[in-house]
**Q** 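There's a structure below that I have some questions on.
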Amino acid sequence: MIPVFLSVLLAVVLPVRDTLPAATVRAFKDNLPVEKLASPVSNIRVDEAAIPDQAELSDRIPSLYIPRYGASLTSTIYLRGFGSRMDNPVLGLYLDGIPVLDKNAYDLDFLDIRQATLLHGPQATLYGRNALGGLLSLQTVSPRSAQGLRLTAEGGTAFTARIQASLYKGDHGFSAAFRHGGGFFRNQFTGRMCDPYDGAMLRWKWTPRATDRYQFEQILQASFSREGGFAYGRYDGQAIHPVNYNDEGSYGRFTLLSGGRFQYRGDKVRLESAASVQLLADDMRMDQDFTPESIFTLRQRQRSGSVTAEVLLRPGGTFAHWRPVTGLFLFGQVKSLFAPVLFKREGIQSLILDNANAHIPSDIGQLAIWNETLPIDSDFTLYTGGAALFHESVFSWGRWHLTAGLRLDCELAAMQYDCRSAVDYQFVPIMTAPKTYRLSYAGTASHAHLVLLPKLSLSFEASESLLLYATLSKGFRAGGFNTQIFSDILQNQMMNGLMEELGVYLDRPSVSIGADATQYKPESAWNQEIGLRFRKDGFALEASAYRMDGVNQQLTVFPPGQSTGRMMTNAGRSRSLGAEVEMHYAATRFSADLAYAFCDARFVRYESGTADYSGKRVPYVPAHTLYAGLSWRQSLGSRLMLLLRADLRGNGPLYWNEENSLREGFHLSPGARISLQFPKMEFFLRGDRLLPHPYPVFYFKSVGREFFALSRPASLSLGVNLKF
Amino acid sequence: MKTKLLVLAFCLVSLTACHTPIDGPLAPGENYYLGTVSVLYEGEYFNNEDIKVLFSPEGDRASITLHRIRFVPKMPVRIDVTIPDIQLQEGVDGVFTFSCTNVIPLALGGKYPRYTVTDLKGSADAQRLSFSLNFGDYPTSFTGTLMQ
């Protein structure tokens, strides 16, 4: 309450400067201007706030929680109690009006991103799949609004460096960036940092001069990165140990996104269309036991190609009382995945042989495997395609606006899998020579769904400054295939087959994963929400309260027994109750931001098969997110300005498991930035996570062992921005 | 007249087919029997019920495979055991008798001397299989019926 009171007080006593011009904010498909939308809207000027990447939006936007761990492919996003770290995201992402389809491409550097707009709550009626928790729209700098040359150079602790150059001339904009990081966490086994980073990004944006009727925009963006990662330390129940693993942990990624948007304004009809081609090639290598022992490793190499196309139609004339939009969206994606798991000598012994021989009396004999390494090769080809037809109409009567929309979404997905392995085994002393057992597991799986995604909202403009609204909407998140679990399936099948070939049958209960676990269902959620938006002079306030009821919530879980993988499963029912508040105040020399969210996300009905988690909190979801920032601008002469900014962000508490037996508290993390601005030059010093001790940001189990990832340590960086 | 003869022939063929006895001579190849294996363990009989036994006669030799058998109650695993090289004698009415004085059975991928078979005696026909033997120190018997 104190920050709220302070902001209101400051709004009254200080002179104002409006830095949130509504005209710059738009949700490109909606019929209403964004300040009249019946959903909470977070709008951040990324360039002004110097936000380097998407993860920095975490906490700054209420309810948005993006823990930074693993590697770039991790991109875990939680929003309003929904989210998971695998497969489809809970947040739809658009870059200049182009939907980014692959979650592995979500974690991107903010190269010349001008603005980030997040529409909270399900936005599926207009934006379709995965916009269950919300929709994040990123707008890049346009040659229409910026001309000239920009240069940025920055260096900091942990040997971080960033160089960025942009040229906007005529209709064209070219941007290039290179980033290097020496790493924050040392791997005790190798003695080297385990998470160094090198990445480059290039973008070309073309916005030819628009006519009265036609407008076109083209974006071509490519990125390449090579990094370490997976800074996970073992937890022994008392303490988190330093990172200490022996095999390679790395991630390399290439992405290409090419998209165009076309607009035609006719007398009778307005047509907007967008199309894109997206490519992604990546390669991840992971020491999956995260110990100095040679147990097992995972590689995941992906090649993916996607196309999207969308057409929106609106009437050409101006209707005072009725604003409709009708659209058709199509997409297709082909993804090939090569994901071998390699069991090494100690893994063969501890995960396979010890497990099997524990049930065989030694006087009968013991199973031996002679391979030094045991590869389980898995090839997948995944085909996904979808079509959606949607319509939304806004009816306005005076200060009342009623929005009604419906989307019919159809999606088909198929998976071809081909997994194989061979093992040289011997039952000693009975078998006189080893035999080779070969296993092949190939087949197809598919699923399809047809879903209706309605939306109904009512808003009332109580005054020029105040908007009140209520919304009922449904969102969904696509289902998928558990490719990660195939090594477990194959490992189980291999042991069962091998034992059967030997004629040995164990009495232990079967904990193997069946083929039915390879698929998980789409997740959907109904959202009921009330809220208000207040804007007056330099003060802006968003406040809302919601209830979201989820069906088949997707969760990443660890399969039972000595399994080595992780898998997505569907919880029966869940619900999130929450409230979000966002305030911004800007005066001539001073500005303040506050973002706070409360979320109580629980399972309503979730029986995993071994336990009933009904009533438990959904894991990994913080109950609170908080961001508070203060900026001060002081003139030091006619050509020199001093800018000071301090912020505080926090999140928690949260639970790490479905049992709610492992809890993490609330953590605050301060940051600061000081800069000296000349007309064409800025020097800055920035401090992030200025904490003496890091705190846990991620927890998981592998082969029955527990691990934590810690937040990055405090960092300082010094840089210069040039504009010509 | 031709039609009547054809109908009569059809009826005779049908009756013959229906009358094919299930208790006829035992076919060579694989014949599965389902029954109970009893093992005398510490003075009491330990019964393995619903045990599938494969009897494979070939020429004057046969083999018997006991599937998923446990010899003693404390045995933590069930195993498949094959008794090879059994001497076979074909008797009257398709009844085989067989015997074996001493043979090392096959189990766990090789020869398994721990349960060396001695004093095997038994008979098999198209309905029943029964035999008795010693598996190592354990007197064992089986009685089962042919699985259809």
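Proteins come first, then strands; the chains are lettered A, B, ... in the order of their sequence lines, and each starts at number 1.
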**Q** For B:Tyr45, does the OH atom have more than 12 heavy-atom neighbours from other residues, nucleotides or ligands under 6.0 Å away?
**A**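 For B:Tyr45, atom OH is not crowded (no more than 12 foreign heavy atoms under 6.0 Å).
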**Q** More than 12 heavy atoms of other residues, nucleotides or ligands under 6.0 Å from CG of B:Asp137: yes or no?
**A** no
**Q** Between side-chain atoms of residues 232-241 of chain A and protein atoms elsewhere (two or more places apart, or another chain), which donor-acceptor pairs fall under 3.5 Å?
**A**
unit_1: A:Tyr235; atom_1: OH; unit_2: A:Gly237; atom_2: O; d: 3.1
unit_1: A:Asp236; atom_1: OD1; unit_2: A:Gln238; atom_2: N; d: 2.8
unit_1: A:Asp236; atom_1: OD1; unit_2: A:Ala239; atom_2: N; d: 2.8
unit_1: A:Asp236; atom_1: OD2; unit_2: A:His241; atom_2: NE2; d: 2.8

**Q** Looking at B:Lys111, B:His67, B:Met75, which makes the most heavy-atom pairs under 4.5 Å with chain A?
**A**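 Of the candidates given, the most pairs with chain A belong to B:Lys111.
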**Q** Do other residues, nucleotides or ligands put more than 12 heavy atoms under 6.0 Å from B:Arg128 CZ?
**A**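 Counting other residues, nucleotides and ligands, CZ of B:Arg128 stays at 12 neighbours or fewer.
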**Q** Please determine if B:Arg68 forms a cation-pi arrangement with A:Tyr505, meaning its NZ or CZ atom is less than 6.0 Å from the six-membered ring centre and no more than 45° off the ring axis.
**A** yes
**Q** Please classify the contact between B:Arg114 and chain A as side chain, backbone, both or neither, with a heavy-atom cut-off of under 4.5 Å.
**A** side chain
**Q** With rounding to the nearest 0.5 angstrom, report the CE to CG distance, A:Met499 to B:Asp80.
**A** 12.5 Å
**Q** Using a cut-off of under 4.5 Å on heavy-atom pairs, state which of A:Ile430, A:Leu367, A:Leu502 scores highest against chain B.
**A**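 Most heavy-atom pairs under 4.5 Å with chain B: A:Ile430.
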